[in-house]
> 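Below: one structure in structure tokens.
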Amino acid sequence: MDYLSLIQRPIQAELADFIALFQASLDHSDGLLAQALGHIRAKGGKRMRPMLILLMARNFGSVSSATQHAAVGLELLHTASLVHDDVVDESGERRGQASVNATYNNKVAVLVGDYILSTALLYVSRTHSEVIVRRLAELGRTLSDGEILQLSNIQNQQISEEAYYEIIKRKTAALFEACAAIGAESAGADGEAVAAAALFGQNLGVMFQIRDDIFDYYDNAEIGKPTGNDMAEGKLTLPVIHALNTTGDADMAALARKVKARTVTPDEIARLVAFTKAHGGIEYAERRMRDFHASCLRFIDERVGDAAIGEALRAYLDFVIERRS
């Protein structure tokens with residue numbers, strides 16, 4: 001099923017306006033910066049987060065100039081965070097394409113990320129909404145907090161689901177939470193409705209990240225990263241955490257500690273991946289993903305009156321669950 005077409009159907013005109021505004025935000029006439037911004041602009045993407053902002057605005061009213069400028073600001077903030085993350089992670093590619101730091105160098109990537117972040121602030125200021133500006137500023141702080149928490153968690157010998165959820169709520173889920181809340185706020189929704197939208201976004205973001213983490217246990221060129229890449233970076237995700245905590249396997253726990261210490265070998269990662277699959281880690285993560293999916297459906301049933309918007313949001317959830325990259 002073409003979920004993206006269903007998602008876009010009620011917001012086609014608004015999405016086209018967003019894309020034009022976003023592309024313009026990355027225009028520059030000056031040499032190296034123009035090249036780097038062009039490299040980022042060429043990557044495109046599915047625009048999942050801006051589409052959520054637009055759908056929420058339509059659900060609670062209409063898409064305004066404030067909605068569009070907020071969507072551009074948030075997408076720019078997200079883009080800047082990815083550019084900086086690739087430097088921190090020493091990543092050579094992003095979704096199968098060369099990262100900015102690999103194409104140029106770390107200095108250029110950090111400065112380009114800073115430029116994009118400043119541009120995000122410029123665009124969100126054009127919403128003329130203190131609430132939305134504050135929401136975006138808080139998001140920037142939360143994303144940085146999440147990255148630092150993840151780095152510190154690598155040093156923590158405890159392996160827990162609580163720590164896993166705390167990290168992803170401050171990273172991936174925070175983005176979706178902000179999108180849903182900003183969309184609702186830009187349409188003039190009341191505080192209760194904004195809070196409900198924010199919770200929908202958070203649940204959606206957790207679900208999105210669990211799906212992303214499941215990918216790491218399978219080798220797929222579409223995804224743009226090899227099997228066990230998260231473990232190679234010192235990260236233990238929900239499937240292996242569950243397998244470790246339910247079996248109490250001392251040998252596998254020792255390998256998990258080597259993952260955190262960044263001393264694990266590719267063969268040991270392969271053993272951990274196989275162990276996770278053999279002991280229900282993938283199935284457990286999929287069940288948890290379905291739990292968050294059910295929470296999101298309750299929001300649609302209770303808070304979405306327009307049939308076309310409801311269909312688009314359900315397609316959005318299905319896309320997150322069923323996507324292959």
Side-chain angles (χ1 to χ4, degrees), residues 2-26 41 43-79 81-82 119-120 122-129 131-133 135-136 139 172-190 193-205 207-208 296-297 299-320 323:
D2 188 358
Y3 292 121
L4 287 175
S5 292
L6 289 174
I7 297 166
Q8 295 169 4
R9 186 174 295 165
I11 52 166
Q12 283 182 341
E14 294 91 339
L15 182 59
D17 290 342
F18 163 81
I19 291 171
L21 192 61
F22 180 76
Q23 295 290 75
S25 75
L26 292 175
R41 193 169 57 242
K43 291 183 180 181
K46 299 183 183 73
R47 311 299 186 197
M48 297 303 294
R49 293 159 192 85
M51 287 193 295
L52 181 56
I53 294 176
L54 298 176
L55 286 168
M56 279 296 171
R58 278 287 312 278
N59 181 57
F60 290 105
S62 62
V63 173
S64 64
S65 173
T67 308
Q68 291 286 14
H69 283 98
V72 171
L74 191 140
E75 188 75 342
L76 287 169
L77 174 63
H78 176 50
T79 302
S81 73
L82 295 180
T119 307
L122 176 64
Y123 272 79
V124 77
S125 74
R126 294 173 181 166
T127 65
H128 304 293
S129 166
V131 172
I132 293 175
V133 170
R135 177 84 63 177
L136 194 80
L139 173 62
T172 307
L175 274 164
F176 286 93
E177 179 181 347
C179 286
I182 284 173
E185 283 165 339
S186 74
D190 63 31
V194 170
L199 181 58
F200 170 87
Q202 182 186 88
N203 289 331
L204 173 58
M207 188 172 71
F208 189 98
C296 289
L297 285 178
F299 169 85
I300 296 172
D301 290 340
E302 295 169 5
R303 296 277 181 175
V304 179
D306 185 288
I309 300 299
E311 182 181 33
L313 287 172
R314 288 187 179 88
Y316 199 118
L317 299 179
D318 290 341
F319 174 80
V320 169
R323 67 195 172 98

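Residue numbers start at 1 and run along the sequence shown.
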> Checking side chain to side chain contact (heavy atoms under 4.5 Å, CB included) between Leu77 and each of Leu136, Leu82, Val124, Leu175, which is the one that passes?
Leu136

> So do Thr127 and Ser186 actually touch side chain to side chain, heavy atoms under 4.5 Å?
no

> Could you tell me whether a side-chain N or O of Asn59 sits under 3.5 Å from a main-chain N or O of Arg303, the two making a donor and an acceptor?
yes

> Out of curiosity, Met56 CE to Ile309 CD1, how far, rounded to the nearest 0.5 Å?
9.5 Å

> Is the terminal nitrogen or CZ of Arg323 (NZ for Lys, CZ for Arg) located under 6.0 angstrom from the six-membered ring centre of Phe208 and within 45° of that ring's axis?
yes

> In terms of relative ring orientation, are Phe176 and Tyr316 parallel, tilted or perpendicular, with 30° and 60° separating the classes?
perpendicular

> In plain terms, say whether Arg135 and Glu185 are close enough for a salt bridge, that is, a side-chain N and a carboxylate O under 4.0 Å apart.
yes

> Less than 4.0 angstrom from a charged side-chain N to a carboxylate O is my criterion; do Asp301 and Arg314 meet it?
yes

> Should Phe18 and Glu75 count as side-chain neighbours, where that means a heavy-atom distance under 4.5 Å?
yes

> Do Val133 and His128 have side chains that approach each other closer than 4.5 Å (heavy atoms only, starting at C-beta)?
no

> Strictly distance-based, threshold 3.5 Å: is any side-chain N or O of Ser62 a donor or acceptor partner for the main-chain N or O of Arg58?
no

> Would the distance check show the side chain of His69 and the main-chain N or O of Ser65 forming a donor-acceptor pair, the cut-off being under 3.5 Å?
yes

> Where does the angle between the aromatic ring planes of Phe200 and Phe299 fall among parallel (under 30°), tilted (30 to 60°) and perpendicular (over 60°)?
tilted

> Do you know which of Ile7, Val63, Leu54 makes side chain to side chain contact (heavy atoms under 4.5 Å, CB included) with Leu15?
Leu54

